[in-house]
Number of protein chains: 2
Amino acid sequence: MSDLLERLRGRGWRMTSQRRVVAEVLAGDHVHLTADEVHALAAQRLPEISRATVYNALGELVLLGEVIEVSTDGRAKRYDPNAHHPHQHLVCSHCGTIRDVHPTGSPLADLPAEERFGFTVTQIEVTYRGLCPSCA
Amino acid sequence: MSDLLERLRGRGWRMTSQRRVVAEVLAGDHVHLTADEVHALAAQRLPEISRATVYNALGELVLLGEVIEVSTDGRAKRYDPNAHHPHQHLVCSHCGTIRDVHPTGSPLADLPAEERFGFTVTQIEVTYRGLCPSCA
DNA sequence: ATCCTACGATGGACAGAGTCCAAGTCAACC
DNA sequence: GGTTGACTTGGACTCTGTCCATCGTAGGAT
Ligand SMILES: [Mn+2]
Ligand SMILES: [Mn+2]
Ligand SMILES: [Zn+2]
Ligand SMILES: [Zn+2]
């Protein structure tokens with residue numbers, strides 16, 4: 001993770017204690033925290049950190065491509081630091097639990113050119129939905 | 001669309017003027033309205049219809065499998081009456097415009113069994129994201 | 001080491017989408 | 001036509017996220 005902090009510093013990110021804590025809280029694999037969860041964890045280390053600051057930091061990390069925003073259907077967005085290992089998500093329709101998955105058949109079925117309607121497609125997102133073992 | 005109304009009546013749906021108007025407003029192909037858009041259109045015909053009723057009716061149509069809920073990333077959910085012709089969506093990341101698309105092959109790249117984590121996968125949703133011609 | 005200042009943090013108000021509820025209304029069956 | 005439980009209403013409420021005026025501070029300049 002400190003390589004992340006290095007990379008950010010290198011890009012001119014002013015290193016504040018708040019941003020450091022947010023980046024540290026997000027460290028790890030299979031992490032999919034909501035903004036408020038990040039805020040709660042960050043506040044354990046830095047009690048006066050504000051929600052706005054957490055939202056700002058997360059937004060910047062997303063813009064910098066260091067974190068992926070996963071939006072799950074009506075609930076709060078989740079933030080995924082595993083931005084450098086492409087993967088997709090399996091989501092429980094009942095409780096919202098997320099798991100990382102790596103579908104086979106790599107080049108996710110491209111769109112027929114005549115169905116692109118002039119769009120520049122930059123991202124293909126596959127979401128597998130179902131019930132997790134405890135909700136089934 | 002009156003076949004829809006028939007089907008609903010057959011399933012014990014009490015037919016109120018509000019529900020009828022909501023179902024009628026949703027009729028058509030490539031329709032992806034938000035709940036508030038449905039409400040506005042419905043209110044043109046039935047001025048006193050309430051937002052809560054529209055949300056209730058939409059929720060029931062979704063449960064009955066007659067309408068698909070398309071959630072688009074931070075914006076309001078959209079309601080798609082084209083539930084009986086499986087398709088996927090192409091969404092503009094900038095303005096939120098939606099187009100129906102029909103990817104070739106089996107985009108539904110199945111999940112390796114060992115990556116299902118005990119989930120019962122019931123739905124695979126593919127979202128193509130990019131910029132529409134006017135946002136590019 | 002100290003000073004400066006532009007960038008970042010704060011917290012409280014605000015907004016959008018959706019849910020909930022108590023009270024009133026009416027569709028459908030008798 | 002009367003009965004009744006399902007449906008509707010509208011307003012309050014919740015949740016997620018944004019905005020903004022003000023205050024604080026990281027880090028370059030001296
Ligand atoms: Mn992930
Ligand atoms: Mn559609
Ligand atoms: Zn679950
Ligand atoms: Zn667009």
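Each chain gets a letter, A, B and so on, in the order its sequence line appears, and its residues count up from 1.
- Atom CD1 of B:I49 is separated from atom P of C:dC26 by 14 Å (rounded to the nearest Å).
- Between the CG atom of B:L8 and the C1' atom of D:dC7 there is a distance of 15 Å, rounded to whole Å.
- Distance, B:L46 CG to D:dC7 P: 17 Å, rounded to whole Å.
- Residue B:D73 contributes atom CG, which lies 15 Å from atom C1' of C:dG16 at whole-angstrom precision.
- Interatomic distance, CD of A:E125 versus CZ of B:R129, reported as 4.5 Å (0.5 Å rounding).
- The ring of A:H89 has its center closer than 6.0 angstrom to the ring center of A:H87.
- Within a 6.0 Å radius of NE2 in A:H84, other residues, nucleotides and ligands contribute more than 12 heavy atoms.
- Atom CD of A:E37 is separated from atom C1' of D:dC15 by 14 Å (rounded to the nearest Å).
- We find that CD of A:E69 is positioned 14 Å from P of D:dT16, with the value rounded to whole Å.
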Close N/O contacts between protein and nucleotides 26-30 of chain D (under 3.5 Å):
residue : atom : partner : partner atom : Å
D:dG27  : OP1  : A:M15   : N            : 2.9

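- Applying the 4.0 Å criterion to OP1 and OP2 of C:dT10, one finds that A:Q18 has a side-chain N or O inside that range.
- Atom pair B:H39:NE2 and D:dG11:P shows a separation of 12 Å (rounding to whole Å applied).
- A:R9 places no side-chain N or O within 3.5 Å of a backbone atom of A:M15 that could act as its donor or acceptor partner.
- Contact check, B:T53 against D:dT9: a side-chain N or O comes under 4.0 Å of OP1 or OP2.
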With salt bridge (Lys or Arg N to Asp or Glu O under 4.0 Å) as the test, would you mind laying out the steps for A:R11 and A:E60 before giving the verdict?
-> CA-CA 12 Å; A:R11 298 214 217 170; A:E60 288 153 8; over 6 Å; no
For nucleotides 17-21 of chain C, which of its nitrogen or oxygen atoms have a protein nitrogen or oxygen under 3.5 Å away, and what is each distance?
residue : atom : partner : partner atom : Å
C:dG18  : OP1  : B:K77   : N            : 3.0
C:dG18  : OP2  : B:Y55   : OH           : 3.0
C:dG18  : N7   : B:R51   : NH2          : 2.7

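- Applying the salt bridge (charged side-chain N to carboxylate O under 4.0 Å, His left out) test to every pair with at least one member in residues 33-44 of chain B, sequence neighbours left out, gives these pairs: B:D36-B:R51, B:E37-B:R78.
- Computed from coordinates, the A:L58 CG to D:dT16 P distance equals 14 Å when rounded to whole Å.
- Remark: of the listed residues A:T72, A:T97, A:D100, A:D100 is the sole one forming a side-chain hydrogen bond (donor to acceptor under 3.5 Å, both in side chains) with A:H32.
- Rounding to the nearest 0.5 Å gives a distance of 12.0 Å between CZ of A:R7 and CH2 of A:W13.
- Other members of the cluster containing A:V70 are A:I68, A:V91, A:I98, with ILVMFWY side chains joined at under 4.5 Å, either directly or via other members.
- Comparing the helix axis at one end of the helix from C:dA1-D:dT30 to C:dC30-D:dG1 with that at the other, each defined from 5 consecutive pairs, gives an inter-axis angle of 30° (nearest 10°).
- Among residues at least two apart or in separate chains, there is no salt bridge (charged side-chain N to carboxylate O under 4.0 Å, His left out) pair with a member in residues 88-98 of chain B.
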Go through the steps for B:E69 and A:D73 under the test side chain to side chain contact (heavy atoms under 4.5 Å, CB included), then give the verdict.
-> CA-CA 9 Å; B:E69 206 173 57; A:D73 207 84; 4.2 Å; yes
